**Student:** 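The structure under discussion is supplied below as structure tokens; questions concerning it will follow.
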Amino acid sequence: MKKYFSLIKLFTLVFSAFLFNSCVHDDEYDAPNADNLLVCTEASYYENPANGFTKWTLQEVKAKPQNQTITDKAYIEGYVSSSDETGNIYKYIYIQDAPENPTQGFTISVNSLSNYANYPQGSKIYIEVKDLAVGAYGGVTQLGAMVNGAFDRIPEKMVTEHIKRSCDPLQQIVPKVMTLAQMVSANDQYLGCLIQVNDAEFDSKVLCSTFAPPSTTVDRAINDPSTSTSRVVRNSGYASFATKTLPSGKGKFVGIYSKYNTTYQMYIVRDTDLEMNTFPRKDGITADPCAFNPASSTQKTVAEVKQMYTSGNYTQITQDAYLKAKVIANDETGNLYKYVYIEDATGGIRVNINKLNLYQDGRFRVGKNLIIKLKDLYIGKSGGEFQLGVPFNGNIGQVEEKDVFKYFFDSKENITKVEATERTIPQLSFADVGRWIKIKNVQYVESDLGEPYAAGTTTNRTLKDCAGNQVILRTSNFATFANNTIDAGQGDVYAVLSYFNGTYQLWIPYQVNADFDNERCDGAVAPKILFSDEFGTALNATNWTAVSVTGAQVWATSNQGTGTNYYAVMNGFVNNINNANEDWLVSKEIDLNGYSQINLSFDSDVRYNGTPLKAFVTDNYSGNPTTTTWTELSATFDTNSGAFGFVSSGNVSLNNFSGKKVRIAFKYVSTTSAANTWEIDNVKIKAKP
């Protein structure tokens, strides 16, 4: 799929969850197959000396040497404290040594789904530890297995062979009561236990938001009276309750106790386990702040809100009124920062909010109808453009994150398509500022051709129509597509119209909103695309051959947590282990005969430390990349392994191969000491006939 924003952030989150549930997963849960359900095992089987089993305690097995296969014929027993039925817990079975007042908890890492069918919460289980292994991830000791020399999850086929369900009836797991202040290393023996925190309340910064945005795992801060330091509740965007609004009161929180390195966190088993609906809260909130009833106030339109402005930089809104409008642009790609644009039938307006990643909040997703409580907000002008917010240093500023819950409410309506208002450049007017607009048949001026969207700072590029009328397109250097080269052809632009000191300017949320591949106004032919792949659900076998020289990992595609947007990905870090790999992604043969000004371009993104990715070209492919003579290409690759964002390669010249048939290739190398993740997308070869 065509995309221009970084997916490695989401991939990294999802990938980590595949391993150790510190992040999100994107698997669907199938209904359990009754044919695969376990037959229970009697305790007498393990207690019979003739069967040769030694019983270990949870504490004893956790103390065993790590990353070594256990050879003793021993078993442990425990009570399942978790359930993956709601999808918030993924490929883990948490156990504790007693259904009530446990002294030890334990984490069992399994490569199987729907574990609740065989091991429901409250069931007593026996685990035969011979041929399994103890390891750790994120500071949490857990039981898994050695797979290909590395500590990993217990393979699916081994799960039911080693984990047996007792014939004893289900027990009620009584949560161990803990305070947030007690979540310290001295109590790590309880990791994996079901715990209860009393008088708990979600932090005011996350009030009135959902448990998690779709397809993304997030941390929600939680407080209690025992400490001024928040702890973390980690929620998956694939949980069945993900789209529900967080409880806004205080009360009983129940979840699995865990941690990731030094961060203590909890996982909700079921949202129905939470009883957090009493007031007043510790922070002084006396009633449900998310229960705003629009019927109790007067609805205003965007146009009417603008009319509330009188003079100066801002005017306070004193009416008991609300605004309902659709979010038309947010901060998903970083081109907008701490604000969104909303629009109704009467116009659009910018809304300033001092909060990062607004797009991860269900209230601010594009296409969502947002309800804004207007009383005590301010309508003001910045650079002449109307904006909603609060005063800051004498200007119209941003609503503070801690106050977001006071003003912004989920309409609970489905996301719908954002329709663009079509305009020509001469038709642009102040009434269109804040709207999502479409301008047909425009192109970048000649002086901008070959340039990136933004060069080191927020940058203006100029669009013009065939009559010579011009308008500015403005791009932040923090946009994920900032380094990408603008398109040289002509096409339609979709953008938010803004205004600054008498000048109209456009902001595009995504590069695809300015996709220009048609002939330019003067008849000049835009470069022809000789090869293009934006990737899909699997590698296109016509376009690519994935060749693994060394290692079990191979080039593939992924859309982890991103819906329909795919990219090519290679990663040698699997199962918490760096693996040695040499893997090539080799293109099909591409005929360059009859073309000039031939350029390759692609986007890359890297995460973690390791060997740089390299790009090559050859006109004499042997069928084996290791015996082929390659020419390395001087392309720009992402170098910031600690941040997210695709980087454009720029135009990489293939002119030396004009008139030949070539293949391009990407070479990935990892070692047992360093294995990074590389993503490649939007691979194109363009040339002039």
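For clarity, every value in this text was computed on a predicted model and none was experimentally measured.
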**Student:** When the ring planes of F616 and W584 are compared, do they come out parallel, tilted or perpendicular, using 30° and 60° as the limits?
**Tutor:**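 F616 vs W584 ring planes: tilted.
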**Student:** Is it the case that K64 places NZ or CZ above or below the six-membered ring of W56, under 6.0 angstrom from the centre and within 45 degrees of the axis?
**Tutor:**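 Yes; both conditions hold, so K64 lies above the ring face of W56.
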**Student:** For the residue pair F531 and W544, categorise the inter-ring angle as parallel (less than 30°), tilted (30 to 60°) or perpendicular (more than 60°).
**Tutor:**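 Taking W544 first and then F531, their aromatic rings stand perpendicular (interplane angle over 60°).
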**Student:** Determine the sole option in T557, N543, N682 for which the side-chain hydrogen bond (donor to acceptor under 3.5 Å, both in side chains) test with D533 is passed.
**Tutor:** N543
**Student:** Can you tell me which residue among Q189, Q142, Q104 is in a side-chain hydrogen bond (donor to acceptor under 3.5 Å, both in side chains) with K62?
**Tutor:**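 Among Q189, Q142, Q104, the one meeting side-chain hydrogen bond (donor to acceptor under 3.5 Å, both in side chains) with K62 is Q104.
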**Student:** Tell me whether the rings of Y264 and Y257 are parallel (<30°), tilted (30 to 60°) or perpendicular (>60°).
**Tutor:**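 Ring orientation of Y264 relative to Y257: parallel.
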**Student:** Could you please spell out the steps behind the ring pair (Phe, Tyr, Trp, His ring centres under 6.0 Å) verdict for Y92 and Y267?
**Tutor:** CA-CA 11 Å; Y92 276 108; Y267 294 96; 8.0 Å; no
**Student:** List the atom of I70, the atom of V61, and the distance in Å for their closest heavy-atom pair.
**Tutor:**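 Answer, listing the atom of I70 first, then V61: CD1-CG2, 4.4 Å.
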**Student:** Check whether any side-chain heavy atom of K686 lies under 4.5 Å from a side-chain heavy atom of Q597, and answer yes or no.
**Tutor:**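 No. Closest side-chain heavy atoms not under 4.5 Å.
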**Student:** If you take all heavy atoms of L143 and I127, which pair is closest and at what distance?
**Tutor:**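 So the minimum-distance heavy-atom pair works out to CD2-CG2, 3.7 Å.
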**Student:** I'd like to check the salt bridge (charged side-chain N to carboxylate O under 4.0 Å, His left out) partners of K660; sequence neighbours left out, ordered by chain and number.
**Tutor:** D619
**Student:** Are any non-hydrogen side-chain atoms of D188 and Y190 less than 4.5 angstrom apart?
**Tutor:**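 The answer is no, as the side chains (C-beta and beyond) never meet within the 4.5 Å cut-off.
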**Student:** Counting only N and O atoms by type, is there a donor-acceptor contact under 3.5 Å from the side chain of N579 to the main-chain atoms of I577?
**Tutor:**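 Yes.
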**Student:** Kindly determine whether F637 and F602 satisfy ring pair (Phe, Tyr, Trp, His ring centres under 6.0 Å), including the steps that lead there.
**Tutor:** CA-CA 9 Å; F637 285 91; F602 56 88; 5.3 Å; yes
**Student:** Quick one: closest heavy-atom pair of T485 and N651, and the distance?
**Tutor:** CG2-ND2, 4.3 Å
**Student:** Listed by chain and number, what are the salt bridge (charged side-chain N to carboxylate O under 4.0 Å, His left out) partners of K338, not counting sequence neighbours?
**Tutor:**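 With sequence neighbours excluded, K338 shows a salt bridge (charged side-chain N to carboxylate O under 4.0 Å, His left out) to no residue whatsoever.
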**Student:** Return the orientation label for the Y608 and F573 ring planes: parallel under 30°, perpendicular over 60°, tilted otherwise.
**Tutor:** tilted
